[in-house]
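Below, chain A is the first sequence line, B the second, and so on; all start at residue 1. Below, each value reflects all heavy atoms present in this structure, side chains not excepted, and no hydrogens, waters or symmetry copies.
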There are 2 protein chains.
Amino acid sequence: MSAAEETAGGEAAPWGEVTPDAARRLLVAAVEAFAERGYHATTTRDIAGRAGMSPAALYIHYKTKEELLHRISRIGHEKAVDILRTAAQTEGTATERLAEAVSSFVRWHAGGRTTARVVQYELDSLGPDARAEILALRRQVDAEVRGIIEDGVEAGEFDVPDVPGTTLAVLSLCIDVARWFNVNGSRTPDEVGELYADLVLRMVGAG
Amino acid sequence: MSAAEETAGGEAAPWGEVTPDAARRLLVAAVEAFAERGYHATTTRDIAGRAGMSPAALYIHYKTKEELLHRISRIGHEKAVDILRTAAQTEGTATERLAEAVSSFVRWHAGGRTTARVVQYELDSLGPDARAEILALRRQVDAEVRGIIEDGVEAGEFDVPDVPGTTLAVLSLCIDVARWFNVNGSRTPDEVGELYADLVLRMVGAG
DNA sequence: GCTGCGGGTGAGCGAGCGCTTAGAGTGCCC
DNA sequence: GGGCACTCTAAGCGCTCGCTCACCCGCAGC
């Protein structure tokens, strides 16, 4: 819903909407710390230290440590929905749209692995209310991918016996990239995106 | 209770090798607690309580909380290697062996989701030495699957442009089952195993 | 120059953590 | 029956956690 401030490289700074500056620095520090050590193993002192502030400064901008995780998770999931929705709504065949959805979603998980890790693996650390809100966003993610696959089946482009199961598998494959992707490894996010788009097209039996 | 280990259902009690009885009860309690809340969010008091013992009893059988995780992780990884090695060494075409490897590996992740979660997602909570040991087992897991895929390519059964990348994707798909399974209660481990075996055969271009 | 105010700090609170210690209960060999 | 080894507990140590509080600083309005 916000104006596009997107750069070409793109995914390094999706936190532009967070103000004021100190609140953003704390949030970025929290993302790094949560991704490295996990939510429960991260201390508020560590977060504040990474942001160059005292532990008490955190509580001027956020009520609790959990609110930080909630904010990160919501912004991240909104970005994920945005990526898939954009791909789903472009012009082209279902095959082209699915390839674009998978490759851009994978690029996001690989390139922004720090953020993606927190978004995908720290859901259980949220309280019930926050978790329910995030789960609603996840259902939107699922619906976008399922929509493309259904389009492909209707158009006769895909051969998919089990649409919900295949949707689950496609998303699972993309999400797990955040777990194993290594910045120092031999593959770039672009290469993984391309490989995965090809594998997914095979999974749906696209010609 | 005696040493009657493996039941027909099989995956509920792979902890028969852990003795004495109290040590096994503590370990099973730790698996449940780690899977539910994560390693860092689990307290030694919680583990001991689930096993019906006092907090101090834990330290008679294990030196530290981390040793519990280490033991769980090693036994779980050994089981994973065992499952894949068994599938890889059966008689049959590469297609049959890959299908068997994927379906049994997925069945283990889905049915023993509690254990699999700890094994797959708490690796970073281990210290450097323990992590190094576990990573060696993971390389064996990778090698088993890659071996089957290479066999299939050589035999002309598979069409795989990128063997290491496809191996990674196949394992990633199976492992991520531990994250999402039972959130959607409508599938049995057997059904997911069958679905995934089919999807993987499509990924490798099997006939 | 004084005041009000939003963003910041140093010190520290109560709680809960991983882990230890002193000692009790139980079975076994002599 | 006495000594010993093993298992387990009640109590609690030292520490670090998330979070709070009393106070400070730079700056805009008057």
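For A/Thr44, taking side-chain heavy atoms from C-beta onward, the closest of the listed nucleotides D/dG18, C/dC19, D/dA11 is D/dG18. Among D/dT7, D/dC19, C/dG8, the nucleotide with an atom closest to any side-chain atom of B/Ile60 is D/dT7. The side chain of B/Lys65 approaches C/dC19 more closely than any other nucleotide in the set C/dT9, C/dC19, D/dC19. Here C/dC17 is the nucleotide among C/dG7, D/dC8, C/dC17 with the atom lying nearest to any side-chain atom of B/Thr43.
In this structure a side-chain-to-backbone donor-acceptor pair under 3.5 Å is present from B/Glu66 to B/Gly127. Side-chain atoms of B/Glu67 come within 3.5 Å of backbone atoms of B/Lys63 as a donor-acceptor pair (strictly under, hydrogens ignored).
Using a 4.0 Å heavy-atom cutoff across all strands shown, B/Ser54 reaches at least one base atom of the nucleic acid.
With rounding to whole Å, B/Met53 atom CE is found 16 Å from D/dC6 atom P. Remark: P of D/dC17 and OH of A/Tyr39 are 14 Å apart, rounded to the nearest angstrom. A straight line from CG of A/Asp46 to P of D/dC19 spans 15 Å, rounded to a whole angstrom. We find that CG of B/Leu68 is positioned 12 Å from C1' of C/dG18, with the value rounded to whole Å. Between A/Glu67 atom CD and D/dC19 atom P the separation is 10 Å, expressed in whole Å. For B/Leu58 and C/dC17, the CG to P distance is 14 Å, given to the nearest whole Å. When rounded to the nearest whole Å, the span between OH of B/Tyr62 and P of C/dG18 equals 16 Å. One interatomic measurement links the two molecules: OH of B/Tyr59 to C1' of D/dC6, which rounds to 20 Å at whole-angstrom precision.
Taking only side-chain nitrogens and oxygens, B/His40 never comes nearer than 4.0 Å to OP1 or OP2 of C/dC17.
Both the sub-6.0 Å distance and the 45° axial angle are satisfied by A/Lys65 relative to the ring of A/Tyr39.
Contact of B/Arg45 with C/dG16 (side chain to base): no donor-acceptor pair of N or O atoms is detected under 3.5 Å.
Side chains of B/Arg85 and B/Gln140: a donor-acceptor N/O pair is present below 3.5 angstrom, by distance only.
Aromatic ring orientation, A/Phe105 versus A/Trp108: parallel (interplanar angle below 30°, classes split at 30° and 60°).
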